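Take a look at the structure below.
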Amino acid sequence: MLTKKLQDAINEQINKEFFSEYMYLSMSAYLESIEMEGFANYFNVQAQEEHFHAMKMFNFVHDKGGRVILKSLGEPKTEFSSVLNVIEEALEHERYITKSINDLMDIAIKENDHSVKSFLEWYVDEQVEEEATMSRLIAKLKMINGEGLGLLTIDNELITRKFTPAE
Ligand code: OFO
């Protein structure tokens with residue numbers, strides 16, 4: 001069983017993970033609109049990862065005999081000023097999600113629920129990866145001033161990214 005407090009907090013996090021999916025799809029759509037096919041693919045895969053994050057929690061709540069309550073998703077931003085601007089906003093979002101996962105872990109610790117703590121470890125580790133990936137992309141984009149042949153080269157590299165569910 002989950003305490004009401006933990007169940008509510010996990011449901012909030014499920015909503016944030018689904019919103020992340022929606023937000024990254026919106027970024028992907030913007031990138032398609034400016035012919036950045038590789039970056040669009042990158043965020044399409046990112047959206048699939050967020051769906052996986054949300055569903056992993058969704059299934060966990062059920063495994064614990066809890067109740068998932070889905071809420072409405074906010075409207076994602078649709079316009080950006082550049083590819084670099086997209087990635088910077090994505091990194092800012094991932095930092096917000098990291099804080100949210102940490103806050104959730106704090107509740108699990110206070111409620112002394114070891115199974116939730118163990119479950120959330122995966123998300124704690126995943127957030128390190130999420131932030132690192134975005135930071136590296138930002139660094140590369142800054143090296144090439146976010147434009148020209150360098151931008152096309154990175155765009156070409158990102159076209160091969162595929163979704164591989166991590167356990
Ligand atoms: Fe689910 O990690 Fe990104 O938001």
Side-chain angles (χ1 to χ4, degrees), residues 2 5-32 36 38-64 66 68-80 82-109 113 115-141 154-155 157-167:
L2 290 167
K5 192 168 183 176
L6 256 180
Q7 178 172 294
D8 289 349
I10 298 173
N11 271 317
E12 283 297 320
Q13 190 62 38
I14 289 173
N15 181 269
K16 287 175 187 168
E17 299 293 341
F18 277 127
F19 179 76
S20 299
E21 176 185 9
Y22 208 33
M23 191 192 85
Y24 287 139
L25 271 181
S26 184
M27 288 175 168
S28 180
Y30 164 77
L31 291 159
E32 283 283 356
M36 290 280 103
F39 282 97
N41 175 60
Y42 179 88
F43 278 98
N44 190 309
V45 172
Q46 196 63 31
Q48 292 175 61
E49 282 198 358
E50 298 302 347
H51 185 80
F52 178 81
H53 297 171
M55 289 309 296
K56 194 175 167 81
M57 278 188 190
F58 183 98
N59 293 329
F60 178 75
V61 170
H62 291 147
D63 286 347
K64 291 280 290 175
V68 170
I69 305 286
L70 295 179
K71 296 184 183 156
S72 64
L73 299 174
E75 196 173 308
K77 192 171 166 178
T78 56
E79 299 303 326
F80 302 87
S82 64
V83 174
L84 178 59
N85 175 232
V86 172
I87 321 284
E88 283 176 337
E89 295 221 1
L91 175 60
E92 196 180 316
H93 179 74
E94 286 307 328
R95 287 179 174 151
Y96 158 75
I97 294 294
T98 298
K99 182 179 181 324
S100 182
I101 295 286
N102 287 343
D103 290 346
L104 188 51
M105 180 65 103
D106 286 345
I107 297 172
I109 290 167
D113 190 322
S115 66
V116 175
K117 282 193 281 178
S118 168
F119 174 74
L120 289 176
E121 290 292 350
W122 184 88
Y123 288 86
V124 171
D125 295 342
E126 178 71 6
Q127 282 311 118
V128 175
E129 193 53 43
E130 296 275 89
E131 286 192 31
T133 310
M134 298 294 176
S135 294
R136 277 189 213 111
L137 257 183
I138 289 171
K140 281 187 187 168
L141 284 170
I154 298 175
D155 188 59
E157 283 168 9
L158 295 178
I159 206 123
T160 57
R161 186 185 188 205
K162 285 192 171 59
F163 174 62
T164 39
E167 283 309 317

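Keep in mind the model is a prediction, meaning the values are calculated, not measured. These values consider heavy atoms only, across backbone and side chains, with no hydrogens, waters or symmetry-generated copies. As the structure lists them, so they are numbered: ligands from 1, and atoms in each ligand from 1.
In summary, Glu49 places no N/O/S atom under 2.8 Å from atom 3 (Fe) of ligand 1, failing the contact criterion. Not one N/O/S atom of Glu126, from backbone or side chain, sits under 2.8 Å from atom 1 (Fe) of ligand 1. Here Glu17 does not reach atom 3 (Fe) of ligand 1: none of its N/O/S atoms is less than 2.8 Å from the metal.
In summary, Glu49 and Arg161 engage in a salt bridge, as defined by a charged side-chain N under 4.0 Å from a carboxylate O.
Of the candidates Glu88, Met36, Met27, Met36 is the only one forming a side chain to side chain contact (heavy atoms under 4.5 Å, CB included) with Val83.
For Ser20, a nitrogen or oxygen atom sits less than 3.5 Å from a nitrogen or oxygen atom of ligand 1, counting backbone and side chain alike.
Glu50 and His53 share a side-chain donor-acceptor pair at under 3.5 Å.
Under a cut-off of 6.0 angstrom, the local environment of NZ in Lys117 is crowded, with over 12 non-hydrogen atoms contributed by other residues, nucleotides or ligands.
Within the 4.5 Å cutoff, side-chain heavy atoms of Val116 are placed close to those of Phe60. Inter-residue side-chain proximity for Glu131 and Leu91 is flagged as met; some heavy-atom pair is nearer than 4.5 Å.
The OE2 atom of Glu130, atom 3 (Fe) of ligand 1 and the OE1 atom of Glu94 define an angle of 90° (nearest 10 degrees).
Near His53, the atoms of ligand 1 lying under 4.0 angstrom from a non-hydrogen atom of the residue are 1 (Fe), 2 (O). Each of the atoms 1 (Fe), 2 (O), 3 (Fe), 4 (O) of ligand 1 lies under 4.0 Å from some heavy atom of Glu50.
Scanning the protein heavy atoms around atom 2 (O) of ligand 1, the nearest turns out to be Gln127 OE1, 2.8 Å.
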